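Keep in mind it's a predicted model, so treat the numbers as computed, not measured. In the text below, chain A, chain B and the rest are named by the order of the sequence lines, each starting its count at 1.
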Amino acid sequence: MATTPMLQVLQGFLKVTTERQQFITANMANVDTPGYHTRDINFKSALQQAMNPGGETHLEPASIELDNLPERPDGNNVNIDREGLMLSQTQLQYQLGVQLVKNQFHELLTAIKD
Amino acid sequence: MGMFTMMSISASALSAERQRAEVTSANLANAETTHTDTGGPFVRKEVVFGTSNASPFQTVFDRAGGFGRPTSGAVQLTGVVNDTTPPVMRYEPGSPDADKDGYVAYPAINPVTEMVDLMGAVRSYQLNASAVSAAKQMIQESIDILKTT
């Protein structure tokens, strides 16, 4: 249970970022698996869903397969550069979320002390 | 938990790539082996990778139920297959492995192909090792929330 509405939002944000990082890791792991297609989440809808957990839950697949990337002869379309970039990007987004959470607690502490 | 799942997915890839490097090294080492326990020249081996995907139903169900079950994407070595390329015959009548016409069967192994495969395995290993350190860093950051400033 989150103490402030902002923490609730940040909780959802961190959850979605972790989920995305998991897909990126899986893509990296399957860089040599024949027939594997790059998987990712729909960040926007996943975030919306995470932000209002009480709202109506429209069931949609947790992951989407990207078919617009160039495919290798073995049917694999994992692009190492894309995954590397996404790994750093998602990591920074996560870092941002963590810093904001820290800031929230710091504000709370200030309010208690003063 | 998502972040520890990330590490186990990367670990599965590290293990698979290491096994691939092992098989490739064995091919390179036995490029000139004409005599094995089973008789005949060494047969080139190749690894087959497969992914262990959770079904889409499982994924949606877990999500709707709010279960923190891992969305699997781990890679696994599904098998080691023999290369069916016929052996290369070289005329060496003095060799103990020569047939009645004086030909010796050598394994059909191209060292260049093996080296390229080995390099690919090493690069993929490095890539997954960097994914592990990214996951570790994220976990460390989460722990740091507990630190009082």
### Task
With a 4.5 Å cut-off on heavy-atom pairs, point out which of B:Asp144, B:Leu14, B:Val75 contacts chain A the most.
B:Val75

#### Entry: Whether over 12 other heavy atoms sit under 6.0 Å from B:Met115 CE
no

### Query
Given that the side chain runs from C-beta out, which part of B:Arg20 has a heavy atom under 4.5 Å from chain A: side chain, backbone, both or neither?
side chain

## Note on the structure
Most heavy-atom pairs under 4.5 Å with chain A, out of B:Ile145, B:Val132, B:Thr78, belong to B:Ile145

### Message
Other residues, nucleotides and ligands only: do more than 12 of their heavy atoms fall within 6.0 Å of CZ on B:Arg18?
### Response
yes

### Task
Please determine if A:Lys102 and B:Glu141 form a salt bridge, counting it only when a charged side-chain N lies under 4.0 Å from a carboxylate O.
no

### Query
Hey, which of A:Lys15, A:Gln91, A:Glu83 has the most heavy atom pairs under 4.5 Å with chain B?
A:Gln91

### Task
Please determine, by modelled atom types, if B:Ser10 and B:Asn128 share a side-chain donor-acceptor pair under 3.5 angstrom.
no

### Query
Under a 4.5 Å heavy-atom cut-off, does chain B meet the side chain of A:Gln95, its backbone, both or neither?
both

### Summary
Looking only at A:Val101, A:Leu14, A:Asp32, most heavy-atom pairs under 4.5 Å shared with chain B are made by A:Asp32

### Query
Going by the ring-ring contact (aromatic ring centres under 6.0 Å, His included) test, which pairs reach into residues 93-138 of chain B, not counting sequence neighbours?
B:Tyr91-B:Tyr103

